[in-house]
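Okay, so here's the structure we're looking at.
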Protein chains: 2
Amino acid sequence: MQPLPSAPILVDQVYRRLMTAIADRTLPPGRRIRQGELAESLGVSRQPISHALQLLKHQGLVRESGRQGLEVAPMDPDRIRHLYRVRSALDELSARDAAERVAAGDSTASERADLAAIVAKGSAFDPDIPLPVLVQADVDFHQRLYAMSSNPVVIEILDPQWPHLRRSMLTVLEGGSYRRRAWEEHAEIARLVLAGDAEAASRASRRHAEIAGEETALRLKGEAATD
Amino acid sequence: MQPLPSAPILVDQVYRRLMTAIADRTLPPGRRIRQGELAESLGVSRQPISHALQLLKHQGLVRESGRQGLEVAPMDPDRIRHLYRVRSALDELSARDAAERVAAGDSTASERADLAAIVAKGSAFDPDIPLPVLVQADVDFHQRLYAMSSNPVVIEILDPQWPHLRRSMLTVLEGGSYRRRAWEEHAEIARLVLAGDAEAASRASRRHAEIAGEETALRLKGEAATD
DNA sequence: GTGCCGAATTCGGAATTCCGAATTCGTATT
DNA sequence: AATACGAATTCGGAATTCCGAATTCGGCAC
């Protein structure tokens with residue numbers, strides 16, 4: 001038997017709630033954070049709020065506002081660019097390992113099918129798909145790839161970074177022009193991984209992250225300039 | 001004028017204290033953690049202790065012990081091995097960027113001198129150097145390289161992982177046989193970076209992390225077997 | 001003597017309260 | 001009317017208290 005829902009563990013609930021709120025820009029960059037407000041609106045005491053904010057601060061999603069208290073961290077195009085360079089390196093690693101696992105016959109049929117399904121979903125160029133769903137598909141694609149590399153550390157280490165990436169992706173995909181290209185690249189990466197071509201898959205994966213990073217930094221800087 | 005020491009911020013103090021204690025194995029893997037105990041021994045209430053433990057849990061340095069409460073996370077040879085693979089990818093990236101910055105003349109004299117000094121210190125094959133100091137030199141070397149790559153995200157993302165690495169390095173370096181080789185490789189990497197040879201530096205850096213990872217996983221597994 | 005049931009203790013998470021610091025608003029003085 | 005001083009409010013961190021759950025220990029029955 002499983003231990004069942006166990007305790008609610010408010011800290012964790014609050015943490016996740018706030019993280020998604022920041023990722024989907026419900027809490028926009030720069031928004032002032034007041035512990036008391038959040039506590040009241042979520043119906044809990046300030047204690048778990050404080051804990052969760054501590055975690056988010058370490059994660060760079062909130063920061064101390066100049067005067068007093070915290071605010072949602074603004075998007076920093078430069079930081080995003082550097083983050084994409086890190087992703088380039090790790091995506092390359094994961095794609096290589098994933099392709100090698102496929103080639104060695106160590107991958108399961110369900111993970112391969114799952115990867116293909118995600119690509120199919122994102123590649124269906126339907127303008128009606130709401131943006132958050134598309135972003136989710138993007139995140140799913142890359143995380144699936146990480147999982148297929150069988151290196152849990154890659155997932156762990158990048159997990160706290162995804163909210164940053166989600167936020168910026170929302171901005172970039174608003175434009176719409178990059179969407180088709182991104183999913184063409186995803187499809188190509190998936191094809192190479194599923195074919196077990198480690199060398200080509202790793203190159204394509206690294207290149208994809210590099211391109212996405214440049215694209216994103218460009219858009220974010222443009223955004224900032226038009227503010 | 002600077003804001004001066006400002007508030008003590010116990011959470012942070014406690015966090016750092018516990019982190020170093022785990023890293024240097026003052027709190028050995030598996031050690032049971034009791035909030036009340038820590039609170040008393042540090043002379044603070046349980047509140048900041050609880051906050052800090054929350055952070056450490058997210059960092060994987062403590063985990064819920066089977067029964068109740070927390071314990072210092074045991075060293076997981078498999079996880080360390082995966083972690084070193086991540087480091088391989090990021091070390092390669094950093095070494096390349098650092099070398100390119102040197103080649104482009106973007107590096108400062110003091111960072112170059114600092115790197116050389118660290119290598120000189122570690123390479124002085126003096127068996128009297130206490131282990132923690134040697135470990136510190138190792139960490140310093142790699143973090144200096146990260147800093148020279150001018151990609152702050154690499155530093156941020158790996159920062160929470162260093163305590164894990166420190167712990168395992170303490171175990172590996174106890175043997176002593178790997179020490180000389182490690183610092184020969186460090187010296188070679190530094191030489192290539194300072195020469196601005198991005199391609200060779202990145203290759204050497206990746207290789208070094210791969211070798212260190214294998215060496216470490218081997219020792220840790222041997223250690224576990226002899227328990 | 002062994003095993004099981006229950007009460008006391010332990011422990012961690014959450015709520016409430018307290019405190020110091022910073023901000024803000026109001027008033028008085030120039 | 002503008003500015004400067006000061007009191008009230010706001011806010012976050014820390015301490016204390018409370019509560020539910022799990023563990024442990026003692027006693028009782030078999």
Side-chain angles (χ1 to χ4, degrees), chain A residues 1-22 27-74, chain B residues 1-22 27-74:
Chain A
M1 288 284 293
Q2 287 290 1
L4 284 186
S6 74
I9 310 224
L10 294 186
V11 175
D12 223 39
Q13 304 236 332
V14 171
Y15 170 66
R16 268 188 258 274
R17 178 76 71 94
L18 290 179
M19 193 164 61
T20 59
I22 293 174
L27 289 175
R31 164 71 61 86
R32 178 79 175 280
I33 303 275
R34 274 163 300 239
Q35 298 189 348
E37 243 178 44
L38 286 177
E40 192 176 3
S41 73
L42 294 180
V44 298
S45 84
R46 275 180 42 219
Q47 168 93 342
I49 304 283
S50 177
H51 277 240
L53 288 177
Q54 199 70 231
L55 293 172
L56 292 170
K57 190 166 62 173
H58 264 252
Q59 202 173 337
L61 289 174
V62 305
R63 65 170 193 185
E64 336 230 343
S65 81
R67 36 187 180 290
Q68 174 186 11
L70 300 170
E71 64 181 18
V72 176
Chain B
M1 287 286 291
Q2 287 290 2
L4 281 184
S6 72
I9 310 223
L10 293 186
V11 175
D12 224 38
Q13 305 236 333
V14 171
Y15 169 67
R16 269 187 255 276
R17 177 77 69 94
L18 291 179
M19 191 163 62
T20 58
I22 293 174
L27 289 175
R31 164 70 61 85
R32 180 80 174 280
I33 303 277
R34 274 165 300 240
Q35 299 190 348
E37 245 179 42
L38 287 177
E40 192 176 3
S41 75
L42 294 181
V44 298
S45 85
R46 275 181 40 220
Q47 168 94 343
I49 304 283
S50 177
H51 278 239
L53 288 177
Q54 198 69 231
L55 293 172
L56 292 169
K57 190 166 62 173
H58 264 254
Q59 202 172 337
L61 289 174
V62 305
R63 66 170 192 184
E64 335 230 343
S65 82
R67 35 188 182 288
Q68 174 186 10
L70 300 170
E71 65 181 17
V72 176

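Naming convention: chains lettered A, B, ... in sequence-line order (proteins, then strands); numbering from 1 in each chain. Quantities reported herein were computed from a predicted structural model and do not represent experimental measurements.
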Should B:Glu71 and B:Arg31 count as an ion pair when the cut-off is N to O under 4.0 Å? no
Take the protein atom CD of B:Gln47 and the nucleotide atom P of C:dG12, then report the distance between them rounded to whole Å. 14 Å
What is the distance, to the nearest angstrom, from the CD1 atom on A:Ile49 to the P atom on D:dA14?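 Spelled out: CD1 on A:Ile49 to P on D:dA14 is 17 Å.
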Of all the nucleotides listed ([options]), which has the minimum atom distance to the side chain of [X]?
X: A:Arg46; options: C:dG13, D:dG12, C:dA14; value: D:dG12
X: B:Arg34; options: C:dA14, D:dA14, C:dC11; value: C:dC11
X: B:Leu10; options: C:dA14, D:dG13, D:dA14; value: D:dA14

Is there a residue in residues 35-44 of chain B whose heavy atoms reach under 4.0 Å of DNA chain C, and which residues are they? B:Gln35
I need the residues from residues 51-60 of chain A with at least one non-hydrogen atom less than 4.0 Å from DNA chain C; give them sorted by number, or say none.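 Here the set is empty: none.
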Toward the 5' end of DNA chain C, which comes first, A:Ser45 or B:Leu70, by nearest nucleotide?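 On the 5' side of the pair lies B:Leu70.
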Are any of the side-chain heavy atoms of [X] and [Y] separated by less than 4.5 Å?
X: A:Val62; Y: A:Ile22; answer: yes
X: A:Leu61; Y: A:Leu55; answer: no
X: B:Arg63; Y: B:Leu70; answer: no
X: A:Leu53; Y: A:Val14; answer: no

Testing the basics here: between A:Gly60 and A:Ala73, what is the closest heavy-atom pair and its distance to 0.1 Å?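 Smallest heavy-atom distance, with atoms named: O-CB, 3.3 Å.
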Would you say the side-chain atoms of A:Tyr15 and A:Gln59 include a donor-acceptor pair closer than 3.5 Å?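 Short answer, yes.
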Apply side chain to side chain donor-acceptor pair (under 3.5 Å) to A:Glu64 and list each qualifying residue two or more places apart in sequence or on a separate chain.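 A:Lys57.
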